[in-house]
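Quick caveat, the model's predicted, so the values are computed rather than measured. Heavy-atom basis, side chains included; hydrogens, waters and symmetry copies ignored.
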Amino acid sequence: MDKFNHAHANYHYEDLMELIHLYEKSDLKNPACIVDCNHSNSNKQYLEQIRIAKDVMHSRSKSEDIKKLVKGLMIESYLEDGNQPTDGNVYGKSITDPCLGWNKTEQLILDLYDLCD
């Protein structure tokens, strides 16, 4: 949320660098963050989580400061892709936020591992 109470994406390289600078002003000893790949960062487009997670990993590879800052990624995942109404009958499909299904989640984990250094 910004100072006007508007939600916007905050996972980009520049956003993470800004967070580092804000933490430096606070003189924190061990600053850290976990990047939420869904919600406002994906504009609730759950498949965007894949691109966002990889983008954050790319930023980590370009900056030692970002690499130290980002401790994890929050990814909405369940057994089946998407979501359904609360009275839906698809086993393993979210009744809240849309999620990556297991197959996409598994592939994303493998892809992210390959991007680690």
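Residues that satisfy the side-chain hydrogen bond (donor to acceptor under 3.5 Å, both in side chains) test with Y23, not counting sequence neighbours, are absent from this structure. A search for side-chain hydrogen bond (donor to acceptor under 3.5 Å, both in side chains) contacts involving K67 returns D117, not counting sequence neighbours. Applying the side-chain contact (heavy atoms from CB on, under 4.5 Å) rule to S94 yields the partners Y78, N83, T96, C99; only residues at least two apart in sequence or on another chain are considered.
Using a 4.5 Å cut-off between side-chain heavy atoms of Ile, Leu, Val, Met, Phe, Trp and Tyr, with links allowed through other members, L100 and L115 fall into the same hydrophobic cluster. By the rule that hydrophobic residues join a cluster once side-chain heavy atoms approach within less than 4.5 Å of another member, V56 and L22 end up as members of separate clusters. Transitive grouping of hydrophobic side chains (ILVMFWY, heavy atoms separated by less than 4.5 Å) keeps Y113 and W102 in distinct clusters. Hydrophobic cluster membership is shared by M57 and L47, with clusters built from Ile, Leu, Val, Met, Phe, Trp and Tyr side chains linked at under 4.5 angstrom.
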### Worked check of side chain to side chain contact (heavy atoms under 4.5 Å, CB included) between I34 and L73
CA-CA 5 Å; I34 295 174; L73 302 169; 5.7 Å; no

### Task
Kindly determine whether M17 and E14 satisfy side chain to side chain contact (heavy atoms under 4.5 Å, CB included), including the steps that lead there.
CA-CA 5 Å; M17 291 303 291; E14 297 80 10; 5.7 Å; no

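With a 4.5 Å cut-off on side-chain heavy atoms, I52 and S42 count as touching.
Residue L16 comes nearest to C33 through the heavy atom pair CD2-SG, 4.2 Å, listed as atom of the first residue, atom of the second, then distance. Heavy-atom minimum distance, A53 versus I75: CB-CD1, 4.3 Å. Summarising the geometry of N38 relative to Y46, their closest heavy-atom pair is OD1-CA, 3.9 Å, with the distance given to 0.1 Å.
Within the structure, the side-chain hydrogen bond (donor to acceptor under 3.5 Å, both in side chains) test picks out the following pairs touching residues 54-63 (sequence neighbours left out): K54-D111. Contacts classified as side-chain hydrogen bond (donor to acceptor under 3.5 Å, both in side chains) and involving residues 26-37 (residues at least two apart or in different chains) are given here: D36-H39. For the salt bridge (Lys or Arg N to Asp or Glu O under 4.0 Å) condition, the pairs that include at least one residue of residues 74-87, sequence neighbours left out, are D81-K104.
A donor-acceptor pair under 3.5 Å is absent between the side-chain atoms of E106 and the main chain of N103, judged by distance alone. Not a single donor-acceptor pair under 3.5 Å links the side chain of K44 to the backbone N or O of N41.
The NZ atom of K93 sits 13.0 Å away from atom CD1 of I95, with the distance rounded to the nearest 0.5 Å.
With a 6.0 Å radius and a threshold of 12 heavy atoms from other residues, nucleotides or ligands, K71 has its NZ atom above the threshold.
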